[in-house]
Amino acid sequence: MRHLSISLICGLTAAWTATGESIVVGKYPAKVVPEQISEIHLKENGIISLCAEPGKRLKKDDIIAEVNKEQTEHDRADLELELLRETISKEDEIRKLSAQRRRVEFYLSLSESERRYNTDFKGDDTAPTPEALADINRRIELLEKEIATLERRKKREFDLKHDPLIIRMPFDGQLQFNVPLPETAEERQKGFTLPENNMRTFATVCDDSAYYITVSITEGEQSLLDENKFSVSISLPEGKKLKGTFDHRMVERAGNGDALIYYFRIPQEDHATAHRMLGSRYTATLNYEVTGEVLRVNKAELAAHPQAAQCDDWEALVAVAYPDYAILIVGTRELVLCKKP
């Protein structure tokens, strides 16, 4: 059961709070972020054929757009002709070698006396040998392997050149274009070009499976608390609040150093609101749910303690004013103290 009482200790006003009470730790700069977000850049400029409608939610690997689609189709037709041409050429060579192998095999099957009457190799400098037959077999085997791998090799070369020109969704989510688009779907599918000097991100993909309020907590004392008891809220118009419960924390690169970032998951029913808040900065109220009875002391009143001038920090001042207590939370306006064991 929650309860609150007021008492005077050493001439200071103190409030006791029981389990379940939420203490305001402070206000922090905050952002609303999705589960993940990715910027999509074009590998090269050209004629862009849009395959996805603006504002649609897409699945992973769905095609967003193709660059120089018509040229890709021309190259694909050329590839098929080249494959057919090379395959026919190699198959013709195999037929010739196979005919030569049959003659050599027949010659080698004859006796010495019979070979004198064979006319297949008259005029040749050397008569066929088993080594020559083995060489023919190896050449046929090589050509057969080349035919078997020809399509795969040519396809791989084609894909390396053209796959970057097909823009796909990196994951499920909402797609937002960051470039000017033609007004009609017909124009977008037919193809359009962007200015040569257009260096803007082509599109942004937002994984909307989850949204978070993120805050950076730099105070060492706060980072040692039980993060599962933290929660945050952001004030919205009309007295509403966007709330988040602790999900995880990560050390991330920020500026010239690292920052401890806390992620607070936003409820599913508030995802639409969260999506509209992406990219802006807010101020979040950080709360902490206490366990057991704790003492809340106003920092301004504590700073007016007669011995405050002799104390270097809050810890030293609390040791004087409240010797039986230790600091649990250093809030914006108050200290939250807990009974020493």
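All values below were derived from every heavy atom in this structure, side-chain atoms included, with hydrogens, water molecules and symmetry-related copies excluded. Positions are given from 1, in the same order as the sequence printed here.
Within the 4.5 Å cutoff, the side chain of Lys43 has no heavy atoms near those of the Val67 side chain. Looking at Leu337 and Val297, their side chains come closer than 4.5 Å, going by heavy atoms from C-beta outward. Looking only at side-chain heavy atoms (C-beta outward), Asn228 and Phe230 stay at 4.5 Å or farther from each other. Inter-residue side-chain proximity for Pro170 and Lys60 is flagged as unmet; no heavy-atom pair is nearer than 4.5 Å. At least one side-chain heavy atom of Ile64 sits less than 4.5 Å from a side-chain heavy atom of Met169. For the pair Arg296 and Ile23, the minimum side-chain heavy-atom distance is below 4.5 Å. Taking the side chain as every heavy atom from C-beta outward, Ser49 and Gln189 never approach each other to under 4.5 Å. The shortest distance between side-chain heavy atoms of Leu302 and Val318 falls below 4.5 Å.
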>> Applying side-chain contact (heavy atoms from CB on, under 4.5 Å) to Leu335 and Leu328, what does each step give before you reach the verdict?
In response: CA-CA 8 Å; Leu335 298 179; Leu328 177 65; over 6 Å; no
> Would Lys243 and Asp270 satisfy salt bridge (charged side-chain N to carboxylate O under 4.0 Å, His left out), going step by step from the backbone distance to the final call?
Replying inline: CA-CA 9 Å; Lys243 297 182 179 180; Asp270 292 329; over 6 Å; no
> Could you go step by step and tell me if Glu44 and Leu165 meet the side-chain contact (heavy atoms from CB on, under 4.5 Å) rule?
Replying inline: CA-CA 8 Å; Glu44 65 179 66; Leu165 303 181; 3.5 Å; yes
>> Please evaluate residues Asp92 and Arg95 with respect to the criterion salt bridge (charged side-chain N to carboxylate O under 4.0 Å, His left out), reporting the C-alpha separation (whole Å), side-chain torsions for both, the decisive distance (0.1 Å), and the verdict.
In response: CA-CA 5 Å; Asp92 184 58; Arg95 282 192 292 271; 3.6 Å; yes
>> Would Lys90 and Glu146 count as a salt bridge (charged side-chain N to carboxylate O under 4.0 Å, His left out) here? Give the steps.
In response: CA-CA 8 Å; Lys90 292 182 185 301; Glu146 287 180 353; 2.8 Å; yes
> Checking salt bridge (charged side-chain N to carboxylate O under 4.0 Å, His left out) for the pair Glu80/Arg76: CA distance, chi angles, key distance, verdict?
Replying inline: CA-CA 6 Å; Glu80 292 174 356; Arg76 194 185 305 279; over 6 Å; no
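Put simply, CG on Asp258 and CE on Met250 are 11.5 Å apart, with the number rounded to the nearest 0.5 Å. From Glu105, atom CD reaches atom CZ of Arg102 across 9.0 Å, with rounding to the nearest 0.5 Å. We find the CG-NZ distance between Leu50 and Lys190 to be 15.5 Å, quoted to the nearest 0.5 Å. Within the model, atoms CG of Leu317 and NZ of Lys299 stand 11.5 Å from one another, a figure rounded to the nearest 0.5 Å. With rounding to the nearest 0.5 Å, the separation of CG in Asn68 from CG in Asn45 is 8.5 Å. Between the CG atom in Leu242 and the CZ atom in Arg276 there is a gap of 10.5 Å [rounded to 0.5 Å].
Both Leu278 and Ile234 are assigned to one and the same hydrophobic cluster, defined by single-linkage of ILVMFWY side chains at heavy-atom distances under 4.5 Å. Under a hydrophobic clustering in which Ile, Leu, Val, Met, Phe, Trp and Tyr are joined whenever their side-chain heavy atoms come within less than 4.5 Å, directly or via other members, Phe264 and Leu260 fall into the same cluster. Both Ile167 and Leu175 are assigned to one and the same hydrophobic cluster, defined by single-linkage of ILVMFWY side chains at heavy-atom distances under 4.5 Å. Connection of Ile266 to Tyr28 is established within a shared hydrophobic cluster, with ILVMFWY side chains joined at heavy-atom distances below 4.5 Å, either directly or through further cluster members. Residue Tyr282 is grouped with residue Leu286 when hydrophobic side chains (ILVMFWY) are merged at heavy-atom distances under 4.5 angstrom, including chains of intermediate members.
Here Arg188 pairs with Glu53 in a salt bridge; the nearest charged N to carboxylate O distance falls below 4.0 Å. We find that Arg138 and Asp135 are joined by a salt bridge, their nearest charged nitrogen and carboxylate oxygen being less than 4.0 Å apart. Arg156 and Asp159 are not joined by a salt bridge, as no carboxylate oxygen comes within less than 4.0 angstrom of a charged side-chain nitrogen.
Listed by chain and number, the hydrophobic cluster partners of Ile63 are Ile166, where partners are ILVMFWY side chains within reach of under 4.5 Å, directly or through others. Under a 4.5 Å side-chain heavy-atom cut-off, the cluster of Ile, Leu, Val, Met, Phe, Trp and Tyr residues that includes Phe106 is completed by Leu110.
Side-chain contact annotation: Asp208 with His275, donor-acceptor N/O pair under 3.5 Å absent. For Asn178 and Thr204, the side-chain atoms include at least one donor-acceptor pair closer than 3.5 Å. When only modelled atom types and interatomic distance are considered, Thr285 and Lys27 share a side-chain donor-acceptor pair under 3.5 Å. Between Asn137 and Glu141, the side chains place no donor N or O within less than 3.5 Å of an acceptor N or O (distance only, hydrogens not considered). A donor atom on one side chain and an acceptor atom on the other are not found under 3.5 Å apart for Ser89 and Glu86.
Residue-environment remark: CD (Glu91) exceeds the threshold of 12 foreign heavy atoms within 6.0 Å. Around NZ of Lys340, the count of heavy atoms belonging to other residues, nucleotides or ligands within 6.0 Å exceeds 12. For Ile147, the CD1 atom is densely surrounded, since the number of other residues' heavy atoms within 6.0 Å is greater than 12. The environment of CG in Asp226 is crowded: more than 12 heavy-atom neighbours from other residues, nucleotides or ligands sit within 6.0 Å. Within a 6.0 Å sphere centred on CD of Gln310, other residues, nucleotides and ligands contribute more than 12 heavy atoms. With a 6.0 Å radius and a threshold of 12 heavy atoms from other residues, nucleotides or ligands, Glu183 has its CD atom at or below the threshold. Atom NZ of Lys31 has 12 or fewer heavy atoms from other residues, nucleotides or ligands within 6.0 Å. When the shell of 6.0 Å around CD of Glu73 is examined, it contains more than 12 heavy atoms from other residues, nucleotides or ligands.
Here the side chain of Asp313 pairs a donor or acceptor atom with the backbone of Ala316 at under 3.5 angstrom. The backbone N or O of Glu35 sits nowhere less than 3.5 Å from a side-chain atom of Asp207 that would complete a donor-acceptor pair. Counting only distance, with no hydrogens or angles, the side chain of Arg249 and the backbone of Tyr262 share no donor-acceptor pair below 3.5 Å. Counting only distance, with no hydrogens or angles, the side chain of Asp247 and the backbone of Arg265 share no donor-acceptor pair below 3.5 Å.
At least one test fails for Lys229 against the ring of Phe246: distance under 6.0 Å to the centre or angle within 45° of the axis.
Smallest separation of non-hydrogen atoms from Met277 and Val32: CE-CG2, 4.0 Å. In this structure, Ile48 and Ala65 approach most closely via the heavy-atom pair CG2-CB, 4.0 Å. Considering every non-hydrogen atom in both Leu194 and Pro180, the closest pair reads CD2-O, 4.1 Å. Counting all heavy atoms, side chain and backbone alike, Phe171 lies closest to Cys206 at CE1-C, 4.0 Å. Residue Glu66 comes nearest to Lys69 through the heavy atom pair OE1-CG, 3.6 Å, listed as atom of the first residue, atom of the second, then distance. Heavy atoms only, all atoms of each residue included: Arg168 and Ile40 are closest at O-CD1, 4.3 Å.
The ring-ring contact (aromatic ring centres under 6.0 Å, His included) search around Tyr263 returns Tyr212, His248, not counting sequence neighbours.
Taking the six-membered ring where the residue is Trp, Tyr325 and Tyr322 present perpendicular rings, their angle passing 60° and hence far from 30°.
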